[in-house]
Amino acid sequence: MDQQVARLYSIRISGHLGPTALSAFESTVSQLKGEDTMLTGVLDRSALYGVLAEIEALGLDLVESAASRSAAH
């Protein structure tokens with residue numbers, strides 16, 4: 001499988017992120033879902049790992065991440 005195929009990812013983070021924290025995730029769109037923040041975006045593997053690294057660097061709690069099938073080109 002090509003590792004650079006872009007997919008639509010949904011990433012759920014515990015808590016409500018403010019504007020400063022959200023600015024670290026410019027490649028995604030954010031939404032509040034209950035007590036969590038949902039980040040959604042079309043990401044290739046490199047971009048996904050960048051988002052996950054930023055979540056870790058900011059000390060945020062990752063609740064879940066899910067990918068859809070390949071995004072349209």
Side-chain angles (χ1 to χ4, degrees):
M1 181 169 110
D2 182 0
Q3 296 182 359
Q4 291 304 314
V5 172
R7 292 181 167 211
L8 179 63
Y9 283 90
S10 297
I11 301 167
R12 186 181 293 259
I13 299 171
S14 181
H16 292 178
L17 302 185
T20 302
L22 288 173
S23 69
F25 305 105
E26 293 179 352
S27 60
T28 65
V29 175
S30 66
Q31 263 185 304
L32 297 179
K33 295 283 188 174
E35 296 297 317
D36 299 331
T37 300
M38 181 71 74
L39 303 176
T40 306
V42 176
L43 307 169
D44 62 19
R45 180 171 277 194
S46 176
L48 172 64
Y49 287 169
V51 169
L52 295 175
E54 196 64 43
I55 290 168
E56 182 180 23
L58 293 172
L60 302 173
D61 292 323
L62 176 65
V63 175
E64 71 176 322
S65 65
S68 69
R69 296 184 186 262
S70 296
H73 294 111

Can you spot which of T28, T37, I55, T40 makes a side chain to side chain contact (heavy atoms under 4.5 Å, CB included) with I11?
I55
Nearest heavy-atom neighbours spanning L43 and Y9
O-CE1, 3.5 Å
Between A21 and L58 the two heavy atoms that sit nearest each other are O-CD1, 4.4 Å
Nearest heavy-atom approach of F25 to V51 is CE2-O, 3.8 Å
Find the distance between CD1 (I13) and CG (L39) and round it off to the nearest 0.5 Å.
4.0 Å
Quick one: does H16's side chain have a donor or acceptor within less than 3.5 Å of a partner on K33's backbone?
no
Same cluster for L48 and L8 if Ile/Leu/Val/Met/Phe/Trp/Tyr side chains link at under 4.5 Å?
no
List the atom of V42, the atom of A6, and the distance in Å for their closest heavy-atom pair.
CG1-CB, 3.6 Å
Taking CD in E56 as the centre, count heavy atoms belonging to other residues, nucleotides or ligands within less than 6.0 Å. Is the count above 12?
no
Are L60 and L62 in one and the same hydrophobic cluster, where Ile, Leu, Val, Met, Phe, Trp and Tyr link if side-chain heavy atoms are under 4.5 Å apart?
yes
Compare every heavy atom of L17 with every heavy atom of L22, then report the nearest pair and how far apart it is.
CD1-O, 3.6 Å
Of all the heavy-atom pairs spanning R12 and D36, show the shortest one and how long it is.
CD-OD2, 3.2 Å
